[in-house]
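What follows is a short report on a single structure.
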Amino acid sequence: MNTHLKGVLYIALGASSYGVLATFVKYANNQGLGTGGLAFAQYLFGVLLLSMLTFLFSKRNRTTEADSAGRNKKAKLKLILFGSFLGLTSSFYYLSIQYVPVSVGIILLMQTIWMGVVLDYFMARELINKEKVIGALVAIVGTLLAAKVFESNVELHLKGIGYGLLAALSFTGVMFSTSRVGLQLPILVRTQYLVYGGFLVIVLFWNFQILQEFNWNVFIKWGSFLGLFGTILPPLLFNKGFPKIGTGLGSIIAALEIPVSVLSAYWILNEQISSLQWIGIAIILFAVVLINFKKESE
């Protein structure tokens, strides 16, 4: 398998992992499990496994790491800080799907498509070209369709929409940090410290709810599953895939998360997907291609 195809496969698998996450969280909620306990179990599993893996794989590199300890320490602190966005994304996203269907929640989360364009302009000082502006507007139109705004028989909960948009805002911070912070560190170490930051936020965000809802049965059954597919695999796979195929094509492949999430909600939760929703999803995917295609072809 050539390098380019490997990169596509890594990102497709990472996006698919993220895509099924909300469906299984909502499925667990329907079984009577609290969101705070699930989120804590997910991140606790991620912290424990990543710490063990980093310890095992870094033993041979201790001398090299000691030479640049000061520089790496700063990068790790930044990663923990930006990792707070990871914990906020999970918390707001899981709260959003308490009020709206998973198929709508993923559409709200993916507003990071146009939020990322705005962030690039202000933070990275990148010029906003015509394709990006048009792509962002197209994404908003697709969102209105995919979120069932024009369907009269659907009542959308404003609280769910608000949490979904906050999740998108936080996810934009995650995307920014994974592509720009601590790049000199190994992939495993970068993922580890991002998850550390996310774990700290989960503890602060859910606090007493964790004590009420967490138990070791939840950790073993759900924490391992959610931690693997939501906290460990996606960032590792993205960090391996994006350098091989570039940000433009990588972002297009990562949009696979949308149909995977919608289809998993249809199969597992029996959520009904209307024709207008599918049209909206197709428009959003087109917007992703439009925003990133020129970047990829340059």
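Residues take their numbers from the sequence shown, with the count starting at 1.
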Provide the closest heavy-atom pair for [X] versus [Y] in the form atom of the first, atom of the second, distance.
{"X": "Gln184", "Y": "Ala75", "value": "NE2-CB, 3.3 Å"}
{"X": "Phe85", "Y": "Ser170", "value": "CB-O, 3.4 Å"}
{"X": "Pro234", "Y": "Thr231", "value": "CD-N, 4.4 Å"}
{"X": "Gly105", "Y": "Val100", "value": "N-CG2, 4.0 Å"}
{"X": "Leu226", "Y": "Val25", "value": "CD2-CG2, 3.9 Å"}
{"X": "Glu271", "Y": "Ser103", "value": "OE1-N, 3.1 Å"}

Any side-chain heavy-atom pair of [X] and [Y] under 4.5 Å:
{"X": "Val141", "Y": "Leu137", "value": "no"}
{"X": "Leu256", "Y": "Pro259", "value": "yes"}
{"X": "Leu108", "Y": "Ser96", "value": "yes"}
{"X": "Leu33", "Y": "Glu213", "value": "no"}
{"X": "Phe171", "Y": "Leu86", "value": "no"}
{"X": "Glu257", "Y": "Leu109", "value": "yes"}
{"X": "Val262", "Y": "Ile106", "value": "yes"}
{"X": "Tyr163", "Y": "Tyr99", "value": "yes"}

Carefully, step by step, assess Leu48 and Phe219 under the rule side-chain contact (heavy atoms from CB on, under 4.5 Å).
CA-CA 12 Å; Leu48 293 175; Phe219 175 76; 4.0 Å; yes
Indicate yes or no for a side-chain donor-acceptor contact from [X] to the backbone of [Y] under 3.5 Å, with no hydrogens or angles considered.
{"X": "Lys26", "Y": "Ile97", "result": "yes"}
{"X": "Thr35", "Y": "Tyr94", "result": "no"}
{"X": "Gln42", "Y": "Gly227", "result": "no"}
{"X": "Thr112", "Y": "Met115", "result": "no"}

In the single-linkage hydrophobic clustering (I, L, V, M, F, W, Y; side-chain heavy atoms under 4.5 Å), do [X] and [Y] co-cluster?
{"X": "Leu204", "Y": "Leu194", "answer": "no"}
{"X": "Ile220", "Y": "Trp222", "answer": "yes"}
{"X": "Leu77", "Y": "Tyr193", "answer": "no"}
{"X": "Leu53", "Y": "Leu44", "answer": "yes"}
{"X": "Leu200", "Y": "Leu211", "answer": "no"}

Report yes or no: do Tyr18 and Ser261 form a side-chain donor-acceptor pair below 3.5 Å?
no
To the nearest 0.5 Å, how far apart are [atom1] in [X] and [atom2] in [Y]?
{"X": "Gln31", "Y": "Asn29", "atom1": "CD", "atom2": "CG", "value": "9.5 Å"}
{"X": "Leu233", "Y": "Ser16", "atom1": "CG", "atom2": "OG", "value": "11.0 Å"}
{"X": "Gln111", "Y": "Thr172", "atom1": "CD", "atom2": "OG1", "value": "9.5 Å"}
{"X": "Leu236", "Y": "Thr191", "atom1": "CG", "atom2": "OG1", "value": "4.0 Å"}
{"X": "Gln192", "Y": "Leu185", "atom1": "CD", "atom2": "CG", "value": "10.0 Å"}
{"X": "Leu166", "Y": "Leu88", "atom1": "CG", "atom2": "CG", "value": "9.0 Å"}

I want to know whether [X] and [Y] have ring centres closer than 6.0 Å.
{"X": "Phe199", "Y": "Tyr196", "value": "no"}
{"X": "Phe40", "Y": "Phe205", "value": "no"}
{"X": "Phe24", "Y": "Phe225", "value": "yes"}
{"X": "Trp216", "Y": "Phe214", "value": "yes"}

Does the pair Ile11 and Leu237 meet the rule for a side-chain contact (heavy atoms from CB on, under 4.5 Å), with working shown?
CA-CA 6 Å; Ile11 294 174; Leu237 290 167; over 6 Å; no
